Amino acid sequence: MTHITVKEIKDYLGKEVKLKGWVRNSRKASSKLRFVIFRDGSGEVQAVAFKPDMGEENFEKVKKLTLECSLEIIGIPQAHPKKEGVFEFHIKDVNIIGEAIDYPISKKEHGADFLLSHRHLWIRSRKQTALLKIRHTVYFAICEYLNDNDFFRFDSPILTPNACEGTTTLFEVPYFDEGSAFLSQSGQLYLETGIMALGKVYDFGPVFRAEKSKTRKHLTEFWMMDAEAAFVEHAENMKIQEELIRFVVRKVIEKNMKELEILERDVEQLKKCDAPFKIMTHFEAIEYLIGKGSKITHDDDLGAAEEAMLTEGSDVPIFIEKWPKKIKAFYMKRDPEDPNIVLGSDLIAPEGFGEIIGGSQREDDYDVLLQIMKDENLPIEEYQWFLDIRKYGSVPHSGFGIGLERLVAWMSGVTHIREAIPFPRTIYRLKP
């Protein structure tokens, strides 16, 4: 007998087939009729158990089904009698594969801490599954865009001897006789070596930041895509970022409409983001915020409240560019028109979702970068390999980084980043 998936049901109407999966839910309609919501990863379908068609013995097996037990069902797919484009599965026989007695996550309300402690089971829920499918689409959409635009995958190390950005706390790891290593906070510095060989490169993997942050936008372990490109300067760097994000938006809408509906995402609002992005300088942004009553100053970074205020009423993301050098990383190139400004940009998503990309043109002059590092008391010997990039065949270059979970949260419309990763790691949680 042919084993199919729920996704394939429309191709087997009227034919006897087998499905394997789990019970999402079940309900009794009458003494002779039961409905089972069946799922298998590819989708879910309503399975109909009618005693006169199944026989008493097989119907009794349906009555024993419990929430999240695994099973195989044999039967015939049919078109739903009242809903066009919807299908049902008429059960002829059932075999329980794995029992699930007293499944701990019930239909009642559970607190966030309980659900996080049972994350290994919670990911089976409809909304969490929808989020994971959108995450899958976002990941591969990013890779597809970069691959199609001549970027090469260039995997940077997770264990590193030094920091990418001096302001971020690192996770320290004992490393044999070499002393200490650190879990990577970004692959950017290593990617800059790759552009001198391949032109345009990217990596995509887990990074770690030991900031003791308690906000809904921070994790201690998350996934980051970093990209770098030779002969690309500041304006073109922002253009690449815009094209990439608009491509991701289109892919999610194309592939995940069902998941977006499950999450009650405002899809029309998401569609509006596929339009030219806005650009403001940091100075203009601060002036705007002050005009709105904010106490922020021109030497300040943007917080979540300021990011939300800046995008209020905007249908598209906004680039905030040309930042004060004192609040940005040492490797960002100074603006030729003002040495106190760097050619960096943050992309702020609308609807209060905040920053999703940070990028900049990189300083490509050896002497200038060396002096900056001395001024900031960075250990020159430890970074000599990074300086060597500027010493041997340096070129103008730029790059950016995207936090996968922040992008997924925005695409999905969820408010807390912990829902955008299978197993969130925060300052309060390491298990399961």
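Only a predicted model underlies this, so the values are computations on that prediction, with no experimental measurement involved.
Residues Ile417 and Lys217 come closest through the heavy atom pair CD1-O, 3.6 Å.
Lys7 and Asp40 are not joined by a salt bridge, as no carboxylate oxygen comes within less than 4.0 angstrom of a charged side-chain nitrogen. The residues Lys127 and Glu259 are annotated as not salt-bridged, no charged nitrogen and carboxylate oxygen being separated by less than 4.0 angstrom. Residues Asp299 and Lys326 are paired through a salt bridge, judged by an N-O separation under 4.0 Å between the basic side chain and the carboxylate. Between Glu242 and Arg246 there is a salt bridge, since at least one side-chain N of the basic residue sits less than 4.0 Å from a carboxylate O of the acidic one. The pair Lys271-Glu268 counts as a salt bridge, with a side-chain nitrogen and a carboxylate oxygen less than 4.0 angstrom apart. Classification of Lys239 and Glu243 as a salt-bridged pair holds, one side-chain N sitting under 4.0 Å from a carboxylate O. For Glu221 and Arg209, the salt-bridge test fails: no basic side-chain N is under 4.0 Å from an acidic carboxylate O. One finds a salt bridge joining Glu68 and Arg124 here, because a Lys/Arg side-chain nitrogen approaches an Asp/Glu carboxylate oxygen to under 4.0 Å.
Applying the 6.0 Å contact sphere to CD of Glu312 captures no more than 12 heavy atoms from other residues, nucleotides or ligands. Other residues, nucleotides and ligands place more than 12 heavy atoms under 6.0 Å from the NZ atom of Lys133. Surrounding CZ of Phe231 are at most 12 heavy atoms belonging to other residues, nucleotides or ligands under 6.0 Å away. Other residues, nucleotides and ligands contribute only 12 or fewer heavy atoms inside 6.0 Å of the CD atom of Glu337. The number of heavy-atom neighbours closer than 6.0 Å to OH of Tyr175, taken from other residues, nucleotides and ligands shown, is 12 or below.
Taking the six-membered ring for Trp and thresholds of 30 and 60 degrees, His136 and Phe140 have ring planes inclined between 30 and 60 degrees apart.
Side-chain atoms of Glu99 do not come within 3.5 Å of backbone N or O of Ile101 as any donor-acceptor pair. Remark: side-chain polar atoms of Ser345 are not paired, donor with acceptor, to backbone N or O of Ile320 under 3.5 angstrom. Panel note: side chain Tyr103, backbone Leu121; a donor-acceptor pair is recorded below 3.5 Å. Using a distance-only test at 3.5 Å, with no hydrogens or angles considered, no donor-acceptor pair links the side chain of Asp300 to the main chain of Ile296. Of the possible donor and acceptor atoms, one in the side chain of Glu284 sits under 3.5 Å from a partner among the backbone N and O of Thr281.
Between Trp385 and Tyr190, a ring centre-to-centre spacing shorter than 6.0 Å is recorded. With ring centers used as reference points, Phe38 lies 6.0 Å or more from Phe89. Remark: aromatic rings of His298 and Phe283 are close, center separation under 6.0 Å.
We find the CG-CG distance between Asp102 and Leu67 to be 11.0 Å, quoted to the nearest 0.5 Å. Here the CD-CG distance, from Glu355 to Asp301, works out to 8.0 Å after rounding to the nearest 0.5 Å.
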Open item on the list: side chain to side chain contact (heavy atoms under 4.5 Å, CB included), that's the test. Do Leu343 and Lys322 meet it? Break it down for me.
Closed with: CA-CA 5 Å; Leu343 297 176; Lys322 298 188 176 181; 4.1 Å; yes

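Within the structure, every pair that satisfies the salt bridge (Lys or Arg N to Asp or Glu O under 4.0 Å) test and touches residues 373-393, not counting sequence neighbours, is listed here: Glu192-Arg390.
Side-chain atoms of Leu19 and Val45, non-hydrogen and from C-beta on, do get closer than 4.5 Å to each other.
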